[in-house]
> 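Structure incoming, see below.
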Number of protein chains: 2
Amino acid sequence: MKDRNQTGTIEREFLINYKPDRYERPSVTVDMLIFTVDDAKLGKSKGTFGKELKILLIKRKKPPFMEDMALPGGFVNIEESIQDAAYRELKEETNIENVYMEQLYTWGEVNRDPRMRVISVSYMALVPKEGLRPIAGDDASEAIWFVVKKRDLMECSTNKSSMLSVESEDGCIKMGYIVTEYYERKGFVNTFRTEVEPISGNETNLAFDHIHMINMALERLKNKVEYTQIAFNLLHEEFTLPELQQVYETILGRTLYKANFRKKILPMVIKTDNKKTNVAHRPVQYYKFNPEYYAGEIDYKEE
Amino acid sequence: MKDRNQTGTIEREFLINYKPDRYERPSVTVDMLIFTVDDAKLGKSKGTFGKELKILLIKRKKPPFMEDMALPGGFVNIEESIQDAAYRELKEETNIENVYMEQLYTWGEVNRDPRMRVISVSYMALVPKEGLRPIAGDDASEAIWFVVKKRDLMECSTNKSSMLSVESEDGCIKMGYIVTEYYERKGFVNTFRTEVEPISGNETNLAFDHIHMINMALERLKNKVEYTQIAFNLLHEEFTLPELQQVYETILGRTLYKANFRKKILPMVIKTDNKKTNVAHRPVQYYKFNPEYYAGEIDYKEE
DNA sequence: CGAATAGTGTCTGTGAGACATTATCGT
DNA sequence: ACGATAATGTCTCACAGACACTATTCG
């Protein structure tokens, strides 16, 4: 302790510990997971749900991963906050603002990007579908909505595997992945490690680790839809309860009992004066979100 | 298929010619929120709980914020993953490995650090107290456990304010903050914006935005202790149920009914052959964690 | 009237909360 | 025996799940 005061010692320690690349800096990007829910095109995949979950992807027109699909995103400018960068990317891609967005996870593996060290902060945004025209940024040739589906394949005591498929609206681009979650204990907590394997036969793939990001976002969405009002962000100001239920069912991947769903939802909504009529059955009541509603469980969020 | 090769060539050339200096880059650090639970020193604060939640802080010996307290942490090296950096910092500070750790949030405001643009990824770790001797890193003069307490002051329809106090074990350093959460709607989701005000009279303060990190970690801990087995990480291999209950009560900030607590916990633990005896009352059964226990709700985690 | 979907009523089981009671040590 | 804390039993109530039933339109 006393030789702390000796300048020579401090200097020597400094030199011993100093590594020249210690202060080399990584690049930082944001990647946007922009989800919406849309009516399923009839005839095609005969899922039991009337709606489909979609994510916005771009086609990369530059290396690396040129011609592959990727999440929209870009570098964080030195004079803007990460969140501002995320909002900027969202606006650039969809031309909408003031929608729900939350930070998802920060991806920091060394070789995520073959060019150089890139750390990516992923954000999830939920937007209503109508009146939204995706815009390709300058690093992309196009921006397209992709239908995302995850269905369980098998489960045993040590792992669970699922099929995660990402398919363009017109069906031209199909990407399939086998996602396997290996259960593990970390400290005393049961958790799992995720591995992803592209299906042989994919003509196009997702760039970087973006399929991992999509998978994590799906899980987060599934979790949060149960205990928050997050799903309302996928619809417009006015909606019917059957529509809302379809959104829930699409995200959760299972059907819900109508009566129970309504009992849970009714305190969160207000009846409007409008009804959807000219339908071959009883007219449907329109509702809107009840801003007075306050659930005990809300998420901790930093602005 | 044939332009695959062409694309590959383009990508290879691109990578060779790529000059990564186009954009100015931020520095990236990790900050560690290392928590433990320890017996409360008698006599002092007459909280009703026998244990206290503690966090490991260091005293900064370099500017900026020299002489202030801060979370342990450091720069992410260019050739290590963010998570590896977090594990490295944890080991440097506590000399322990293989404990529970999770990514908390990434802090990206432009002026977090007065020197330059620094983005920080925060990690929360939970460690058992005994047999752990904190080590001051090379940027710190000491590493000390601080008692953390958060108690509600008042709540109304638009906001809620709490007193967040961080106090060294010996009582010499006390830092108090008023934390106010303003309820807001973001999209259709109720959320809140957090503001923190140091109490006038603090002789020492927390550096950077670290008080925000501590606040967020406390909320996360409070949430997760209810639906995960995270709390077991704060104890050693064998523990008694009253001890475990004290840990829960400390984190949650309220007392629990013993019978109900045990009904909830019993499936997660296994009785051992040991009892704590020589106590002035009925002997206490030691338990250990049941690795077979699997709760439906587990956290999505990336390794 | 029948097809179709909207919307409601009600029974049951599960689990959290509150509290009462019994058990087993040291002194 | 008594103080002290461990450990268990049980009642109630809220709520989610499952399902049956009624309502209202179009054609």
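Letters A, B, ... are given to chains in the order of the sequence lines, protein chains preceding strands, and every chain is numbered from 1.
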> Using a cut-off of strictly less than 4.0 Å, decide whether Tyr257(B) has a side-chain nitrogen or oxygen near OP1 or OP2 of dG17(C).
no
> Without hydrogens or angle criteria, can the side chains of Asn274(A) and Glu238(A) be said to hold a donor-acceptor pair below 3.5 Å?
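Yes, Glu238(A) and Asn274(A) have a side-chain donor paired with an acceptor closer than 3.5 Å.
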> For Phe261(A), enumerate each residue passing the ring pair (Phe, Tyr, Trp, His ring centres under 6.0 Å) test, keeping only those at least two apart in sequence or located in another chain.
Tyr248(A)
> List the residues meeting side chain to side chain donor-acceptor pair (under 3.5 Å) with Gln245(B), not counting sequence neighbours, and say none if there are none.
Glu249(B)
> Applying ring pair (Phe, Tyr, Trp, His ring centres under 6.0 Å), can you list everything that pairs with Tyr286(A), at least two apart in sequence or on another chain?
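Once residues adjacent in sequence are excluded, Tyr286(A) has no partner under the ring pair (Phe, Tyr, Trp, His ring centres under 6.0 Å) criterion.
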> Indicate for each nucleotide in nucleotides 5-14 of chain C, in 5' to 3' sequence, whether protein heavy atoms under 4.0 Å reach the base (B), only the sugar-phosphate (S), or nothing (-).
SBBBBB----
> Between Gln285(B) and Tyr287(B), does any side-chain donor sit less than 3.5 Å from a side-chain acceptor?
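No, no side-chain donor-acceptor pair sits under 3.5 Å.
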> Looking at Asp38(A), Thr250(A), Asp39(A), which hits side-chain hydrogen bond (donor to acceptor under 3.5 Å, both in side chains) with Lys51(A)?
Asp39(A)
> Name the first nucleotide and the last nucleotide along DNA chain D (5' to 3') that come under 4.0 Å of a heavy atom in chain A.
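Reading along DNA chain D, I get dG17(D) to dC26(D).
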> Can you list everything that forms a salt bridge (Lys or Arg N to Asp or Glu O under 4.0 Å) with Glu292(A)? Sequence neighbours excluded, please.
none
> Check whether Thr191(B) reaches the backbone of Glu184(B) with its side chain - one donor and one acceptor, N or O, closer than 3.5 Å.
no
